[in-house]
Number of protein chains: 2
Amino acid sequence: MKYTEKLRNSGLRPTKQRLQICEVLFETEKTFHFTINELSLKIKKQIDNKISLATIYNTVHAFEKKGYLKQIPINSNETYFDTNVSDHHHFYDLKKEKLIDLENADVGPIDIKRKIDGKKIKSVEILVKLED
Amino acid sequence: MKYTEKLRNSGLRPTKQRLQICEVLFETEKTFHFTINELSLKIKKQIDNKISLATIYNTVHAFEKKGYLKQIPINSNETYFDTNVSDHHHFYDLKKEKLIDLENADVGPIDIKRKIDGKKIKSVEILVKLED
DNA sequence: ACACTTTTTTAGAATCATTATAAACTACTT
DNA sequence: AAGTAGTTTATAATGATTCTAAAAAAGTGT
């Protein structure tokens, strides 16, 4: 299996559950955004056996820590994740509660002029809220 | 009282609780960031009578709706608010878990080139994560 | 001031995402 | 095969937020 190595290299044991979650997350043409609840439903549809909710939480957090997933900073009662870990930004449709990727080319260059002593910039994330 | 009119003009009755919360929120030299829990403690310290938690939630949401407060998009289990409602962005010091205001002048102009049909931009918020 | 309507406050309960627990299970090592 | 360290699991616990419905306060008209 193609994800076995990837997991081993990260220090994560390639368990059946993790490999199956990899399939659901990364075996897609396009990247996508999800909440744990949405992912849980997706897994139920695509996988025969049951994966417990706790395992889904554990796995998503483990993957996020390893850089295979990104958390999207957004004010919502649910945490949003993104399988697109490249540098990019988001629209957030407030009505539909849906995220839309903004390709890097869709946003002019960002120039952060201020510096904080002893700190370096890890990421710059833009959230563009949309209303009707 | 100086906030009475402000509230009336927004269609909010200037109740004792709302006026007191105005004092705590806006009667400060500098603007600040807070969670509901932090605000609740600040109120307990500064105000003699008790204001119920439900009222604090109600009031903060009412003020946010009227534009007197801003929610800050950030991944945390608690919602962060800002008394600085001017157009500005934030640094987030990952180590200290602290927000720092970025004045608008600290960030070059943001150009969102992509448009979504039937939607208009409500806000553009940048979160710059800082590491050591 | 009084009566009446509407809004607001409140304590407590309910909700819901997330995390903790601890026992059973699985993967890895020797 | 045995040992151990990591993982999964159901379930309970946590904790922020929202809901409820009754009491209180504010606004309005007389």
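Just so you know, these numbers use all the heavy atoms, side chains as well, and skip hydrogens, waters and symmetry mates. Quick note on labels: first sequence line is chain A, next is B, and so on, each numbered from 1.
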Rounded to whole Å, CZ of F34(A) lies from P of dA17(C) at a distance of 16 Å
> Have D82(B) and Q71(B) got a donor and an acceptor in their side chains that come within less than 3.5 Å?
Replying inline: no
When T59(B) and E78(A) are each assigned the nearest nucleotide of DNA chain C, the 5'-most assignment goes to T59(B)
Check: Can a donor-acceptor pair be found between the side chains of S86(B) and N84(B) at a distance below 3.5 Å?
Finding: yes
Report task. Please work out if N37(A) contacts a base, only the sugar-phosphate, or nothing of the nucleic acid, heavy-atom cut-off 4.0 Å. Result -> nothing
* Asked: Between Q17(B) and dT10(C), does any side-chain N or O lie under 4.0 Å from OP1 or OP2?
  -> yes
Out of dT9(C), dG27(D), dT9(D), minimum distance to the side chain of T55(B) belongs to dT9(C)
Worksheet item: Between E38(A) and K42(A), is any pair of side-chain heavy atoms under 4.5 Å apart?
Response: no
Side-chain atoms of A54(A) come closest, of dT11(D), dT7(C), dG12(C), to dT11(D)
Of P14(B) and Y80(B), the one whose closest nucleotide on DNA chain D sits nearer the 5' end is Y80(B)
Whole-Å distance, Q20(B) CD to dT9(C) P, equals 11 Å
Check this one for me: any side-chain N or O of Y57(A) less than 4.0 Å away from OP1 or OP2 of dT19(C)? no
Does dA10(D) have OP1 or OP2 sitting under 4.0 Å from an N or O in the side chain of K50(A)? yes
Rounded to whole Å, CD1 of I47(B) lies from C1' of dT9(C) at a distance of 16 Å
F81(B) CZ to dA16(D) C1', in whole Å, measures 11 Å
>> Looking at T35(B), I'd like to know whether one of its side-chain N or O atoms comes within less than 4.0 Å of OP1 or OP2 on dA16(D).
In response: no
Between CG of L53(A) and C1' of dT21(C) the distance, given in whole Å, is 15 Å
From CG of N58(A) across to P of dT11(D) the rounded distance in Å is 17 Å
**Prompt:** Does CD in E97(B) sit with more than 12 non-hydrogen atoms of other residues, nucleotides or ligands closer than 6.0 Å?
**Reply:** no
### Message
Between E125(A) and S123(A), do the side chains contain a donor N or O and an acceptor N or O under 3.5 Å apart?
### Response
yes
Picking from dA27(C), dT9(D), dA25(D), the nucleotide nearest the side-chain atoms of R13(A) would be dA27(C)
Base, sugar-phosphate alone, or nothing: which one does T15(A) contact when heavy atoms must sit under 4.0 Å apart?
sugar-phosphate
From NZ of K16(A) across to P of dT26(C) the rounded distance in Å is 9 Å
Closest non-hydrogen contact found for D106(A) with L102(A) is CB-CD2, 3.3 Å
Separation of dT8(C) atom P from I56(B) atom CD1, nearest Å, is 17 Å
- Message: If you compare every side-chain N and O of H61(B) against the phosphate oxygens of dT17(D) (OP1, OP2), does one of them come in below 4.0 Å?
- Response: no
Of the listed dT17(D), dT9(C), dA17(C), the closest approach to the N77(A) side chain comes from dA17(C)
- Item | Distance below 4.0 Å between R8(B) side-chain N/O and dG27(D) OP1 or OP2 | yes
query: Checking only heavy atoms, does the side chain of R18(B) share a donor-acceptor pair with the base of dT8(C) at less than 3.5 Å?
result: no
